Protein chains: 2
Amino acid sequence: MPAPRPPSAEKPGTLAKPARSRIQQRNRQRILDAALEVFSNHGFRGATLDQIAAEAGLSKPNLLYYFDSKETVHRALLTRLLDDWLAPLRKLDPSGAPDVEILSYMHRKLEMSRAYPRESRLFANEILQGAPRLEGFISTELRALVDEKASVIAAWARAGRIAPIDPHHLIFSIWALTQHYADFTAQIDMIRGPGHDPFEGAGAFLDHLYKRLLAP
Amino acid sequence: MPAPRPPSAEKPGTLAKPARSRIQQRNRQRILDAALEVFSNHGFRGATLDQIAAEAGLSKPNLLYYFDSKETVHRALLTRLLDDWLAPLRKLDPSGAPDVEILSYMHRKLEMSRAYPRESRLFANEILQGAPRLEGFISTELRALVDEKASVIAAWARAGRIAPIDPHHLIFSIWALTQHYADFTAQIDMIRGPGHDPFEGAGAFLDHLYKRLLAP
DNA sequence: GTCTATACTCTGATAGAC
DNA sequence: GTCTATCAGAGTATAGAC
């Protein structure tokens, strides 16, 4: 009896559907990837199931065999995203060196934007439109995490280990600056002309900026 | 033969329709205001003529009496916006004091975001979706203006009048930080809780940030 | 599981009376 | 100039054969 495969092991408490075959897993994945591409570029209303199905190489009814509705696809994408979205800030360590911790957080966030620009635009599209589908997440989990880390930063500032600073605005500035390169890629490309990585020079610039800002 | 009214005088080269009555002017204005409200919150595809007509207090066919199509309304909004969009950067004066000029630019931009958040979101929505209707504007006018002012800033840096800095990234950072408060208002509100001006503290924070960044 | 055909709704735009 | 009625097309979702 081979050990590796736990008997019909599905994470208990998970609302996802029960065990799926390999082909189902693969198709769901293709759909989510295609949906990410289309939703991030056109927003929820702007995206059509036709586009997503074409991008995924499936027929529209077949897509709807895997997900009940357009909404369901979109929610699945957001859910998958939010897991990773908090990670960079979570890693900010209260017992680390303040400047290193904040700089590292900024770089992790920038790296996320570079590696996952579509996810960033999906998120931006949602916020821009009033965040109707993210209200729960933002006002509970994200808010709590931000407040927690803001306290840490405020304590560092009070102790004189970094320059005095408003911690919420510091966090907002990191979000704004790092996500800008993903969300506004179209504009940056048009201004710098083609053949440039939109993130070119961003790491060095932001590193310099925050070192100056935080130096006690 | 009365002099004051030039025969069918329309600005030559203008594509706009001929002289309009007061009531027409007023209705066009109402429609544009309503459209700004709806487009900025839902994007082009997400907005419907029904919503815009309702917001403007008109019937849908009546709206289409004033504008040929949904596209036309949207283009009119963008055109009106782009005139004002370049103004803050245009005012950056090469013969002024470098730090004052850059700080003033940042504050003008922040003030624009605070006073016209819907315009900012309209613009953000466009860029986020690949800027199809702004390609001409960005790759010509905006690009030329940015390059011109970047040269000015670069010269200031070379002369040691401000700290050495990449001028394009400096400009991008000002855009990112000032527009963030308008574009991501929903998120900021949810994190800080209700009853707060989303721009609260932004002026002081950004002022401090750029003073530190630019000090030679 | 996947497809073709189709039902039904929403939405942009037009016709035509007033 | 403004409205009611309506068309035509797009888009989500379902039925049912294979």
Side-chain angles (χ1 to χ4, degrees), chain A residues 8 16-78 122 125-126 129 132-133, chain B residues 15-78 122 125-126 129 132-133:
Chain A
S8 87
K17 285 172 193 145
R20 285 183 274 268
S21 73
R22 277 152 215 78
I23 191 171
Q24 276 173 326
Q25 295 276 11
R26 194 186 54 108
N27 273 346
R28 283 181 65 90
Q29 202 51 49
R30 282 159 93 106
I31 292 169
L32 287 176
D33 286 349
L36 175 60
E37 181 70 25
V38 178
F39 280 133
S40 67
N41 285 327
H42 302 281
F44 182 75
R45 291 278 315 260
T48 71
L49 289 180
D50 280 297
Q51 286 176 291
I52 298 172
E55 180 84 22
L58 296 170
S59 68
K60 190 162 48 167
N62 199 10
L63 186 160
L64 286 165
Y65 169 79
Y66 287 97
F67 292 89
D68 288 343
S69 69
K70 187 181 178 181
E71 268 284 333
T72 310
V73 184
H74 194 257
R75 243 198 305 277
L77 269 185
L78 281 184
L122 180 73
N125 255 307
E126 282 298 300
Q129 308 190 3
R133 301 173 188 82
Chain B
L15 288 178
K17 284 173 192 148
R20 284 184 275 267
S21 73
R22 278 152 215 80
I23 191 171
Q24 275 173 327
Q25 294 276 12
R26 194 186 54 109
N27 274 345
R28 283 180 66 90
Q29 201 51 50
R30 281 159 93 106
I31 292 169
L32 287 176
D33 286 348
L36 176 58
E37 182 68 25
V38 178
F39 279 134
S40 67
N41 285 326
H42 302 281
F44 181 76
R45 293 277 316 259
T48 72
L49 289 181
D50 280 299
Q51 286 175 290
I52 298 172
E55 180 86 22
L58 296 169
S59 68
K60 189 162 53 168
N62 199 10
L63 187 161
L64 287 166
Y65 168 80
Y66 288 96
F67 292 90
D68 287 346
S69 69
K70 187 181 179 181
E71 266 284 333
T72 310
V73 184
H74 193 258
R75 243 199 305 279
L77 269 185
L78 281 184
L122 180 73
N125 255 306
E126 282 298 299
Q129 308 191 3
R133 301 170 188 85

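Small disclaimer: the values here were computed from a predicted structure and weren't measured.
A distance of 9.5 Å separates NE2 of B:His74 from CG of B:Leu36, quoted to the nearest 0.5 Å. Of the inter-residue distances, the one linking A:Tyr66 atom OH with A:Gln29 atom CD reads 12.5 Å to the nearest 0.5 angstrom. Atom CG in A:Leu58 sits 12.0 Å away from atom CG in A:Leu49 (nearest 0.5 Å). A distance of 5.0 Å separates CD of B:Glu37 from CG of B:Asn41, quoted to the nearest 0.5 Å. If you take CD1 on B:Ile31 and CD1 on B:Ile52, they are separated by 9.5 Å, rounding to the nearest 0.5 Å. Taken from CG in A:Asn27 to CD1 in A:Ile23, the straight-line distance is 5.5 Å, to the nearest 0.5 Å.
The closest side-chain heavy-atom distance from A:Glu126 to A:Leu78 is below 4.5 Å. Considering only heavy atoms from C-beta on, A:Asn125 stays 4.5 Å or farther from A:His42 through its side chain.
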Item to complete: Evaluate the criterion side-chain contact (heavy atoms from CB on, under 4.5 Å) for residue pair B:Arg45 and A:Thr48; output intermediate values, then yes/no.
Response: CA-CA 11 Å; B:Arg45 293 277 316 259; A:Thr48 71; 4.0 Å; yes
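Of all nucleotides in DNA chain D having an atom under 4.0 Å from a heavy atom of chain A, the first and last in 5' to 3' order are D:dG11 to D:dT14.
Taking the six-membered ring where tryptophan is involved, the planes of A:Phe44 and A:Phe39 are essentially parallel, since the angle between them stays under 30° and well short of 60°.
Near DNA chain D, meaning a heavy atom under 4.0 Å away, the residues from residues 38-52 of chain B are B:Arg45.
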Close N or O pairs between protein and nucleotides 4-9 of chain C (under 3.5 Å):
none

